[in-house]
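Along the sequence shown, the residues carry numbers beginning at 1. No hydrogens, no waters, no symmetry mates; every other heavy atom, side chains included, goes into these values.
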Amino acid sequence: MITTEWNAAAYHQINSLQQWQADESLSQLKLLGEEDVLDVGCGDGRVTAEVASRLTSGTALGIDPSHKMVDYARQTYQRPNLSFEYGDARELSYLHRFDRVFSFNALHWLLRTDFPRAMDGLKRSLKPGGRALLRFVGKGPRTALEVVAAEVAEDHASPFTHLTLDEFYSMAGLHGFAVESLSLLDRHWDFEPNGFVEWARTTFVPWTGGMDQPSQDRFIHTVLDRYQQIVGRPDRFAFYQMVSELVLV
């Protein structure tokens, strides 16, 4: 999983796209209020805090490999039943601690060879009969933005993995999960003018983290110009979202 440090405050300011998707995901997270919930790849902590607010006697723990994100989450969101820890999806060490595992737009930043490790960790973390609601970028027929970025960067070992529905269904079964629901949604988001560029400045850090500002600007504009030819209009981000609910059997 990508461990490059993100600018947490900047991410919080530009993540209206993430918030839109997060709100949609949270509407699918069914809670009685007494569950212990793990949020894998919690980012700035906003979603984890929303989960905690819906728990009357349960707890919410958010983990993320970015120290800056976790520090920001700890400073920004404080509730008695809410906590944040540095953690990697590939190295989950919790043992039958959680009733629910929630992961939103994080698991696609795993190497394909690391995805099974993450699934094993999710299995260990859940109590018997526990549920996992996982939402991440999946693979469809259209070329993904991350693929364009990797091509421009000439990065042939790009860290992300976009699984097909069949690949994820098989992987879930191999790791002890029954698939209760699984779909691949074709979504798009239209940024305000220059909004896509600002979003890319914050989220392209896997490729731009070591660049000076002029190099970052050239890279971002090259990627978005090429991507516009794929989606057919400027400032549009089109993506496939894999949405799954799994039950530990």
Side-chain angles (χ1 to χ4, degrees), residues 1-2 5-89 92 94 97-109 118 121-122 125-127 130-138 180-183 185 187-189 191 195 199 202-203 237 239 241-248:
M1 176 174 283
I2 282 288
E5 288 294 341
W6 295 44
N7 184 325
Y11 176 84
H12 184 81
Q13 290 298 317
I14 56 88
N15 74 345
S16 55
L17 165 60
Q18 294 286 90
Q19 186 61 32
W20 164 59
Q21 297 176 78
D23 289 344
E24 188 175 73
S25 296
L26 287 168
S27 70
Q28 299 174 347
L29 184 62
K30 303 175 183 67
L31 296 170
L32 298 175
E34 59 192 24
E35 298 90 345
D36 293 318
V37 181
L38 174 65
D39 182 2
V40 177
C42 67
D44 65 5
R46 178 185 289 180
V47 174
T48 325
E50 294 255 358
V51 172
S53 71
R54 294 168 55 181
L55 299 171
T56 51
S57 58
T59 63
L61 169 64
I63 65 167
D64 200 277
S66 168
H67 285 65
K68 290 182 179 178
M69 285 291 194
V70 171
D71 289 345
Y72 181 90
R74 285 174 171 170
Q75 295 166 10
T76 306
Y77 302 105
Q78 298 177 4
R79 298 177 60 93
N81 66 341
L82 174 65
S83 58
F84 297 96
E85 295 178 359
Y86 308 115
D88 191 313
L92 299 175
Y94 311 106
R97 176 174 166 183
F98 298 98
D99 303 286
R100 299 284 187 275
V101 170
F102 179 83
S103 185
F104 168 66
N105 270 5
L107 294 181
H108 51 268
W109 288 113
L122 297 179
S125 300
L126 282 168
K127 299 174 185 177
R131 292 176 174 268
L133 180 63
L134 310 178
R135 190 166 185 145
F136 54 92
V137 179
E180 188 159 286
S181 64
L182 178 63
S183 58
L185 309 178
R187 315 303 300 271
H188 73 267
W189 177 267
F191 287 95
W199 181 84
T202 301
T203 60
F237 178 31
F239 54 96
Q241 187 109 102
M242 181 114 36
V243 181
S244 68
E245 185 164 4
L246 314 178
V247 182
L248 185 61

Gly33 backbone acceptor or donor facing Glu35 side chain under 3.5 Å: yes
Ring pair (Phe, Tyr, Trp, His ring centres under 6.0 Å) partners of Phe237, counting only residues at least two apart: Phe196, Trp199, Phe239
Side-chain (Arg54) to main-chain (Leu29) donor-acceptor, under 3.5 angstrom: yes
Phe98 side chain near Leu92 side chain, heavy-atom distance below 4.5 Å: no
Residue among Asp99, Thr48, Leu31 satisfying side-chain contact (heavy atoms from CB on, under 4.5 Å) with Val37: Leu31
Non-hydrogen side-chain atoms of Asp39 and Val51 separated by less than 4.5 Å: no
Side-chain donor/acceptor of Asp64 to backbone N/O of Gly43, under 3.5 Å: yes
Distance in Å, Ser125 OG paired with Ile63 CD1, rounded so as to fall on 0.5 Å steps: 7.5 Å
Any side-chain heavy-atom pair of Lys127 and Leu248 under 4.5 Å: no
Side-chain donor or acceptor of Asn81 paired with backbone N/O of Ala52 under 3.5 Å: yes
Check: Asp36 side chain, Thr59 main-chain N or O, donor-acceptor pair, under 3.5 Å: yes
Heavy-atom pair of closest approach, residues Leu133 and Glu245: CD1-CB, 4.3 Å
side-chain contact (heavy atoms from CB on, under 4.5 Å) partner of Phe102, the single match among Val40, Leu38, Val47: Val47
Salt bridge (charged side-chain N to carboxylate O under 4.0 Å, His left out) against Glu34, all qualifying residues, sequence neighbours excluded: none
Rounded distance [0.5 Å steps], CG in Asp71 versus OG1 in Thr76: 10.0 Å
Value rounded to 0.5 Å, distance of CZ in Arg135 from CZ in Phe104: 6.5 Å
Minimum side-chain heavy-atom gap Tyr77-Leu82 below 4.5 Å: yes
Under 3.5 Å: donor-acceptor pair, side chain of Ser103, backbone of Leu134: no
Leu61 vs Glu85 side-chain heavy atoms within contact, under 4.5 Å: yes
Pair Glu24 + Arg187, salt bridge at N-O below 4.0 Å: yes
Side-chain touch Val243/Leu185, heavy atoms, less than 4.5 angstrom: yes
Ring pair (Phe, Tyr, Trp, His ring centres under 6.0 Å) involving Phe84 - partner list, sequence neighbours excluded: none
Heavy-atom side-chain contact between Arg131 and Leu126 under 4.5 Å: no
Atom pair CE/NE2 of Met69 and His67 - distance to nearest 0.5 Å: 13.5 Å
